[in-house]
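All remarks here apply to the structure that follows.
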Amino acid sequence: MSIDNRLRQGFERSASSATADLVDDLPNALARGRRRKRVLVALRATVVLTVVAIVVVAGPRLVSSLRTEQPGVPNPTPSIGTSDFSAIAGTYAVELTNADATVAANRMAGVWTIQLGPDGAMQLSIPGGFSREGQTPAGNAFTLAASQLRTNLFYNDFCHSIGVYRWQLRGTRLTLTPLSEDCAVRQAVLASKPWEVQG
């Protein structure tokens with residue numbers, strides 16, 4: 001028998017043995033692949049369920065926190081101010097009309113109500129039809145320094161500054177006169193007309 005024939009036979013026996021080993025191990029390899037796939041599917045499901053649970057449990061608190069804290073909205077703190085807002089605290093209303101170009105352009109016509117709290121909190125009720133209807137305006141605080149009122153109302157919605165106004169309350173009328181204001185929407189709401197005391 002020639003060397004070539006012996007080599008050929010040796011290769012054939014090796015190939016036959018390797019093929020037999022592969023065929024014998026094929027069921028085990030398939031079983032391992034199925035197990036690995038089941039583990040990956042279970043792991044993905046666990047991750048998805050964990051994320052859903054976090055959103056369900058922490059989501060409302062997170063949204064509430066974001067609304068309350070309003071990151072990026074500066075406080076309207078004056079250099080010299082007071083923590084006593086009783087002189088101006090109360091609920092006021094004003095009716096804006098489309099005679100004002102800013103009011104007309106932003107669909108602001110209607111009755112606006114503002115509540116100035118004894119703690120410096122500001123709550124604004126928005127009339128139907130306003131372009132931001134249904135949304136709480138960003139910025140909801142004011143501070144007083146003598147006859148000056150500073151506010152961050154509409155910050156990030158329409159404004160990027162603190163508005164400074166002179167306030168005067170005579171009888172049932174609150175008048176806000178802009179001293180430093182570059183936000184037309186805030187000025188239209190606060191200073192177009194005197195506000196009337198409610199209740």
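Starting from 1, each residue takes its place in the sequence as its number. Values below: every heavy atom of this structure, side chains too, minus hydrogens, waters and symmetry copies.
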query: If two hydrophobic side chains count as joined below 4.5 Å and joins carry through other members, does Leu96 share a cluster with Met122?
result: yes
- prompt: Same hydrophobic cluster for Leu190 and Leu124, using side-chain heavy-atom links shorter than 4.5 Å among ILVMFWY?
  reply: yes
message: For the CG atom of Leu179 and the OG atom of Ser147, what is their distance to the nearest 0.5 Å?
response: 7.5 Å
- prompt: When you check the side-chain N and O atoms of Tyr92 and Gln198, is any donor under 3.5 Å from an acceptor?
  reply: no
- prompt: Hey, what do you get for CG (Leu116) to OG1 (Thr151), rounding to the nearest 0.5 Å?
  reply: 8.5 Å
field: Non-neighbouring partners of Trp167 that pass ring-ring contact (aromatic ring centres under 6.0 Å, His included), sequence neighbours left out
entry: none
message: Determine whether Thr143 and Leu149 satisfy the following criterion, side chain to side chain contact (heavy atoms under 4.5 Å, CB included), listing intermediate values before the conclusion.
response: CA-CA 6 Å; Thr143 57; Leu149 177 146; over 6 Å; no
field: Smallest separation among heavy atoms of Gly163 and Glu181, with atom names
entry: CA-OE2, 3.5 Å
field: Shortest non-hydrogen contact between Ala188 and Val103, atoms and distance
entry: CB-CG2, 4.2 Å
task: Report the distance from atom CH2 of Trp112 to atom OG of Ser125, rounding to the nearest 0.5 Å.
output: 10.0 Å
Note, Thr91 side chain near Val197 side chain (heavy atom, < 4.5 Å): no
- prompt: Taking it one step at a time, do Thr102 and Val185 satisfy side chain to side chain contact (heavy atoms under 4.5 Å, CB included)?
  reply: CA-CA 7 Å; Thr102 303; Val185 169; 4.3 Å; yes
- prompt: Quick one: does Asn152's side chain have a donor or acceptor within less than 3.5 Å of a partner on Ala141's backbone?
  reply: yes
message: Quick check for you: to the nearest 0.5 Å, what is the distance between Trp195 atom CH2 and Thr175 atom OG1?
response: 12.0 Å
Which atom of Pro194 lies closest to which atom of Val94, heavy atoms considered: O-CG2, 3.6 Å
message: Quick one about Thr172 and Glu196 (side-chain donor to acceptor, distance below 3.5 Å, no hydrogens or angles considered), yes or no?
response: yes
task: Flag the pair Val164 / Gln148 as yes when at least one side-chain heavy-atom distance between them is below 4.5 Å, and no otherwise.
output: yes
- prompt: What's the shortest heavy-atom distance between Ala109 and Asn98, and which atoms?
  reply: CB-OD1, 3.5 Å
message: Which heavy atom of Pro178 sits nearest to which heavy atom of Ala191, and what is that distance?
response: CD-CB, 3.7 Å
message: How long is the straight-line distance from CZ of Arg150 back to CG of Leu144, given to the nearest 0.5 Å?
response: 11.5 Å
- request: Could you tell me the separation between the CD atom of Gln187 and the CG atom of Asp100, rounded to the nearest 0.5 Å?
  value: 9.0 Å
field: Transitive ILVMFWY side-chain link Leu176 to Leu169, under 4.5 Å
entry: yes
